[in-house]
There are 2 protein chains.
Amino acid sequence: MPKKIRRPEPKPYHHGDLRRALIETALQLVTQDQDWTFSLREVARRAGVSHRAPYNHFPEKQDLLGAVAVVGFEKLRDGLLRATAGNAAPEALVEAIGRTYVRLGLENPALYRLMFGPALAEAGPGDRPTSAKLAGRQAREVLDDVIARGARSGVFAVSPDDPKDQILAAHVFWSALHGLTMLAIDDLMAPGVTVDEMIERLLRTEIKGLRQA
Amino acid sequence: MPKKIRRPEPKPYHHGDLRRALIETALQLVTQDQDWTFSLREVARRAGVSHRAPYNHFPEKQDLLGAVAVVGFEKLRDGLLRATAGNAAPEALVEAIGRTYVRLGLENPALYRLMFGPALAEAGPGDRPTSAKLAGRQAREVLDDVIARGARSGVFAVSPDDPKDQILAAHVFWSALHGLTMLAIDDLMAPGVTVDEMIERLLRTEIKGLRQA
DNA sequence: ACCTGAACACCGTTCAAGT
DNA sequence: ACCTGAACACCGTTCAAGT
C-alpha cells in the first residue's frame, strides 16, 4: 500500500478548484461581512494563495465580481421560483413574488448592491452581454412568467398572445421592486416610512395598475 | 496706479475658494468624462493643488462625494420643479415629472450612479442623516407635492388630509422611476425593450394604480 | 488657516521565474 | 497548467513642516 494516498490535505487547496474557492471566499466576504468592496488581494489572502493566483482564473477583478453576481442572481431566481411554485391566483402570485423579491434583497444588501453595481460594469468579450447580465435577465424571467399567467387567466390587462406586452408589464413591476429595494438599502425613504408599509402599498398600486379595467 | 492689482491670476487658485473648486472639478469628471470612480488625487491634480490639499476642506473622500451628490440632487429637484411649474391636470403632472425624472437620470448616468451609490455610504456625525440624503429627500418632495395635488383634486385614490398617505404614494412612484432609471443605466432591460417604451408603459400603469377607482 | 512634500500601508496588474 | 514573489504605478490618509 502506498503511504499517503488517502488525501492528507496538507493545505486546503494549494492547487485544486481555486476558481470555485475564490468565488466562495468572495461570497463569504459579501454575505457575512457585508463587504462588497473587498480587494482581490484580501480574497486571495483568505483563500490562502498569493495575490497573483486569482489571475490564473479571472483576467480581472471585475470578472470575479461578475462570477459572484451570477451566484447572487441564481439565488434570487431560485427564491422567486419557490415563491411562485403553486398555482395560486395571479394577484396572489404577484404579491408572493414581490414580497419575496424585496425580502431577498434586504436579507443581503451587500450582495444586492454588488449584483446591481460594480459587477455589471464589465463589457464582456465582443459586446456580448456579460454573464452577470444574462443571469439577471434569467431572474427577471420569473416575473415575466407570473405576468404571463395573469394574462392568460384574463385577470391582467396584458395580451396573452403578445410576449412583448408581457415583458413590458414585467419590466414595470421589476422597476418598482428594484427601486424600492435600492431606496430601502440606501436608507433614502422618508423618516417614519417603513419598508413593510411600502411593500404593501406598492403591491396594491401595481396590481391595480395591472388589472383588467 | 499700482502695477499688478488687476488680478494677474498667477495661478488659478493657489488659495481662494478651493472647496468650491474641488466640487466643480469632481463634477466635471463625472459629467464630462462620465467617471464617478475618480480618485481624490486626480481631482487635486486637475485643480492644481497637492494631493493633501483637499483634506483641508473634506475630512474624507466620502465627504467630497457627498458634496457632489448634493449638487446632483439639487439639479434633479430643480428639473422636477420646472417640469411641474404649471397647473396642469394631475395625470399630466405625473407624466411630466416621470418623463423628466428618467430623462435627467439618463442624461448623466455617472452622476446618477454617484448620487445613489458611494455618496450615500457616509454615516454623518452622530447618526444624523447625511447632507446627500437630505438633498435626496428634498428632491423626492417634489413628487410628494404632485401626488398631494392629485389627492386634493380628488383624481387620485389618496387622502388629501393624510400626509403619510401622500408620502407613501409618492414613494411608490419614486420606486418605479428610480428602478427604471437604474435598470436602464445598468443595461439590464431585455433586448428589444426600449427606455421610451418603458417610460410610457410605466406611467400608464402607475397612473392607473393611483387613480380613484 | 491653508498649503506642500514625504511617508505609510495599502491597491490592481504585470513580469520573470519556479514546479 | 498553475503557482510564487518582486516590481510598477497607483491609491487614501497621516505626519511634520512651511507660509
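To find a chain, count down the sequence lines: A is the first, B the second, and so on, and within it residues start at 1. All figures in this text were calculated on a predicted structure; none of them were measured in a lab.
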Answer yes or no: does a side-chain N or O of A/S39 lie under 4.0 Å from OP1 or OP2 of C/dC11?
yes
Parallel, tilted or perpendicular: which one describes the rings of A/Y112 and A/F116, with boundaries at 30° and 60°?
tilted
Could you tell me whether A/R99 and A/E200 have a side-chain N and a carboxylate O separated by less than 4.0 Å?
yes
Rounded to whole Å, CD of B/E60 lies from P of D/dC11 at a distance of 18 Å
C/dT4, D/dC11, C/dT14: which one has an atom nearest the side-chain heavy atoms of B/N56?
C/dT4
N/O-N/O pairs, protein side and nucleotides 15-17 of chain D side, under 3.5 Å:
| unit_1 | atom_1 | unit_2 | atom_2 | d |
| --- | --- | --- | --- | --- |
| D/dC15 | N4 | B/R52 | NE | 2.7 |

Give DNA chain C the dot-bracket treatment, 5' to 3': Watson-Crick (N1-N3 with N6-O4 or O6-N4) or G-U (N1-O2, O6-N3) under 3.5 Å, [ ] crossing, | other strand.
||.|||||...|||||.||
Answer yes or no: does atom CZ of A/R20 have more than 12 heavy-atom neighbours from other residues, nucleotides or ligands under 6.0 Å?
no
Please report, rounded to the nearest Å, how far the P atom of C/dC10 is from the CZ atom of A/R41.
10 Å
Separation of C/dA1 atom P from B/D17 atom CG, nearest Å, is 17 Å
Shortest side-chain distance from A/L18, nucleotide among D/dC3, C/dT4, D/dG12
D/dC3
Atom CZ of A/F38 to atom P of D/dC11: distance rounded to whole Å?
21 Å
The answer to which of B/K61 and A/A53 contacts DNA chain D further toward the 5' end, by nearest nucleotide, is A/A53
Restricting to non-hydrogen atoms, name the atom on A/E206 and the atom on A/A176 that form the minimum distance, rounded to 0.1 Å.
OE2-CB, 3.8 Å
Measure from OH on A/Y55 to P on C/dG12 and round the result to the nearest Å.
6 Å
Ignoring backbone atoms, test whether A/R19 places a side-chain nitrogen or oxygen under 4.0 Å from the OP1 or OP2 oxygen of D/dC3.
no
Indicate yes or no: does B/E42 engage B/R45 in a salt bridge with an N to O separation below 4.0 Å.
yes
Under 3.5 Å donor-acceptor pair, A/H57 side-chain atoms to D/dA1 base atoms:
no
Measure the distance from CZ on A/F58 to P on D/dA1 and round it to the nearest whole Å.
18 Å
Whichever of B/S50 and A/R45 has its nearest DNA chain C nucleotide further upstream toward 5':
B/S50
Heavy-atom closest pair (A/A44 atom, A/P54 atom, distance to 0.1 Å) is CB-CG, 3.9 Å
Test: A/D196 and A/R201 ion pair at under 4.0 Å
no
Minimal heavy-atom distance between A/W36 and A/R113, with the atoms involved, is CZ2-CD, 3.4 Å
Full working for side-chain contact (heavy atoms from CB on, under 4.5 Å) between A/L64 and A/I23:
CA-CA 7 Å; A/L64 173 58; A/I23 297 175; 4.0 Å; yes
State, without any angle test, whether B/Q34 and B/N108 hold a side-chain donor-acceptor pair at a distance under 3.5 Å.
yes
Tell me the interatomic distance from A/L64, atom CG, to C/dT13, atom C1', rounded to whole angstroms.
15 Å
Rounded to the nearest Å, what distance is computed from the NE2 atom of residue B/H51 to the P atom of nucleotide D/dA9?
17 Å
